[in-house]
Amino acid sequence: MMHSFRQRIAVPFTYDVHFTTNLFNSDNPLLASVIDPAYKALFVIDSGVAEADPSLAGRIKQYCCTHDLKMATAPIVVPGGERVKNTQQYVDEIHRAIHEFGICRHSFVIAVGGGAMIDMAGFAASTAHRGVRLIRVSTTVLSQNDSAVGVKNGINAFGKKNFLGCFTPPYAVINDFQFLTTLEDRDWRAGMAEAVKVALIQDAAFFEFMEEEAAALAAREMRPMKTLIERCAEMHLLHIQTKGDPFELGSSRPLDFGHWAAHKLEQLTNHALRHGEAVAIGIALDTTYSYLSGMLEERDWRRTIDLLHTLGFDLAVTQEGLTLGRENSRSLLSGLNEFREHLGGPLTIMLLKRVGVGIEVHEISDDLMMESIALLNSTCEQNDASRLSPVGAEQI
Ligand SMILES: NC(=O)c1ccc[n+]([C@@H]2O[C@H](COP(=O)([O-])OP(=O)(O)OC[C@H]3O[C@@H](n4cnc5c(N)ncnc54)[C@H](O)[C@@H]3O)[C@@H](O)[C@H]2O)c1
Ligand SMILES: [Zn+2]
């Protein structure tokens with residue numbers, strides 16, 4: 001004898017992703033039009049952003065005054081970068097502020113910063129009162145074109161990336177291009193890896209655009225960067241919206257192309273590598289594997305490595321204290337299993353068939369991956385040598 005009820009709930013989520021410049025200038029109406037002024041706003045700022053623009057907290061205050069927005073308290077500044085995700089401390093700090101300043105579910109946590117800080121603040125906002133409204137004001141290339149437009153929040157634990165986290169869509173996302181002008185070169189560059197990733201697996205024309213604009217992008221020209229960010233963000237949004245698995249219940253993760261190695265490299269370098277820098281290496285490695293396993297033409301393999309090099313990425317896994325000798329290479333391979341464990345289900349890895357077309361596989365040969373690492377490293381040495389030679393010639 002058995003009886004069951006079947007519960008079925010469909011919850012639609014809608015959020016806007018806005019693009020602007022100088023969000024906190026008093027004459028910019030965007031933020032005031034996004035926030036409901038009846039409720040409080042708790043601002044949390046990435047320390048890297050606060051240091052790059054010491055006037056920011058004052059301008060936020062002025063903006064709220066001008067537009068009659070209720071600031072819960074002065075902006076809270078938390079560390080920028082991965083260190084903010086490597087501890088529970090800052091999640092607790094935001095929870096405490098939500099508690100002390102009477103932030104309700106209709107009120108807003110407004111996180112202004114890079115992907116790491118927004119991941120952390122999003123996790124804090126999503127878990128207080130089972131979800132306070134989160135507005136992500138993203139200030140790095142990576143957060144603008146990838147991390148902040150999606151639905152994931154989290155922090156690291158037990159040495160594992162994003163071990164604690166949740167799928168909670170934001171209330172709104174605001175990308176202010178002005179913030180990008182104060183980024184270090186490596187942060188300007190790092191986010192472009194995510195654009196190369198989506199282009200490689202889904203959009204050959206976008207890849208060609210990046211090939212054409214690679215030198216301008218590397219030289220920090222804003223015009224192609226805006227296009228890159230908008231297209232990449234749009235593709236990310238469309239993926240979540242149309243591919244039927246917004247909360248990643250399945251094992252298939254096309255947007256994680258290159259990420260099994262990236263997450264492990266971040267861990268092995270103790271986060272000396274930025275996420276985007278590690279993703280560039282991960283993409284280069286899985287593209288090399290695709291080529292060596294006979295799935296990908298040599299020409300497309302070379303185009304990929306060349307584009308990443310021209311954008312300025314160091315793809316040899318011998319940087320930032322990590323010399324990828326045989327022992328470390330083996331440690332890197334353990335990232336495959338950790339990746340499978342994080343997603344659940346059978347191992348599913350996205351590889352490349354040609355530029356613009358990915359292909360999923362369920363098995364990876366350790367030996368061929370070791371060969372791929374060796375080939376990638378030697379290709380990087382050759383590329384570096386050829387990059388250096390014209391300078392040497394001029395000097396002579
Ligand atoms: N939630 C997701 O879906 C998702 C997707 C991809 C990546 N991520 C996460 O995003 C994180 C990486 O984010 P990131 O690449 O933005 O780097 P980041 O957040 O680590 O920031 C890098 C550095 O830039 C500084 N910074 C930020 N904005 C600045 C500005 N405007 N001017 C000067 N300095 C500034 C920060 O203080 C930090 O020191 C990783 O933790 C990664 O796991 C999350
Ligand atoms: Zn990523």
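When a residue number appears, it is its place in the shown sequence, counting from 1. For ligands, and for the atoms within them, numbers begin at 1 and follow the listed sequence.
- Residue Arg274 places no N or O, backbone or side chain, under 3.5 Å from any N or O of ligand 1.
- The protein non-hydrogen atom at the shortest distance from atom 16 (O) of ligand 1 is Thr140 OG1, 2.5 Å.
- The protein heavy-atom contact nearest to atom 28 (N) of ligand 1 is Thr139 OG1, 2.8 Å.
- Of all protein heavy atoms, the one closest to atom 4 (C) of ligand 1 is Ser147 CB, 3.1 Å.
- At the top of the distance list for atom 38 (C) of ligand 1, counting protein heavy atoms only, stands Gly81 N, 3.6 Å.
- Ring planes of Tyr171 and Phe108: perpendicular class, angle over 60° (limits at 30 and 60°).
- Summarising the geometry, atom CZ belonging to Phe177 is positioned 6.0 Å from atom NZ belonging to Lys226; distances are rounded to the nearest 0.5 Å.
- Close contacts between ligand 1 and Lys161 involve ligand atoms 40 (C), 41 (O), 42 (C), 43 (O) [criterion: under 4.0 Å to a heavy atom].
- When only non-hydrogen protein atoms are considered, atom 41 (O) of ligand 1 lies nearest to Glu82 OE1, 2.7 Å.
- Comparing Leu56, Ile240, Asp187 by heavy-atom distance to atom 23 (C) of ligand 1, the nearest is Asp187.
- Taking the six-membered ring for Trp, Phe313 and His309 have ring centres at least 6.0 Å apart.
- Glu266 and Lys161 are joined by a salt bridge, as a carboxylate oxygen and a charged side-chain nitrogen come within less than 4.0 angstrom of each other.
- Nearest approach of Val78 to Val44, heavy atoms of both residues: CG2-CG1, 3.9 Å.
- Of all atoms in ligand 1, numbered sequentially from 1 with element shown, those under 4.0 Å from a heavy atom of Thr182 are 30 (C), 31 (N), 32 (N), 33 (C).
- Annotation: atom 29 (C) of ligand 1 to nearest protein heavy atom, Leu183 CD2, 3.4 Å.
- Selection from Ile45, Asp46, Val149 by nearest heavy atom to atom 36 (C) of ligand 1 gives Asp46.
- Aromatic ring centres of His129 and His99 lie farther apart than the 6.0 Å criterion allows.
- Shortest distance from the Zn ion (ligand 2) to His275 is reached at NE2 (N/O/S atoms only).
- For Glu51, no heavy-atom contact with ligand 1 is shorter than 4.0 Å.
- The ligand atoms of ligand 1 that sit less than 4.0 angstrom from a heavy atom of Phe179 are 30 (C), 31 (N).
- The N/O atoms of Gly115, backbone and side chain alike, include one that comes under 3.5 Å of an N/O atom in ligand 1.
- Using the six-membered ring where Trp is involved, Phe206 and Phe209 have ring planes that are parallel, under 30° apart on the 30 and 60° scheme.
- Linking Ile, Leu, Val, Met, Phe, Trp and Tyr whenever their side-chain heavy atoms come within less than 4.5 Å leaves Phe179 and Met225 in two separate clusters.
- For ligand 1, the polar-atom distance check finds an N/O of Ala116 within less than 3.5 Å of one of the ligand's N/O atoms.
- Below 30°, between 30° and 60°, or above 60°: for His106 and Tyr39 the angle between ring planes is between 30° and 60°, a tilted geometry.
- Side chain to side chain, Thr139 and Asp46 fail the donor-acceptor criterion of an N or O pair below 3.5 Å.
- Checking only distances, Asp119 does come within under 3.5 Å of ligand 1, N or O to N or O.
- For atom 3 (O) of ligand 1, the closest heavy atom belonging to the protein is Lys152 CE, 3.5 Å.
- As for Glu194, its N/O/S atom nearest the Zn ion (ligand 2) is the one called OE2.
- What sits closest to atom 6 (C) of ligand 1 on the protein, heavy atoms only, is Asp146 OD1, 3.3 Å.
- The number of heavy-atom neighbours closer than 6.0 Å to CD of Glu100, taken from other residues, nucleotides and ligands shown, is above 12.
- Atom numbering of ligand 1 starts at 1 in the shown order; those under 4.0 Å from a heavy atom of Val49 are 27 (C), 28 (N), 29 (C).
- A distance of 6.0 Å or more separates the ring centres of Trp260 and Phe339.
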- Query: Where do Asp146 and Lys197 land on the salt bridge (Lys or Arg N to Asp or Glu O under 4.0 Å) test, with the steps shown first?
  - Reply: CA-CA 11 Å; Asp146 187 291; Lys197 172 196 77 180; 3.3 Å; yes
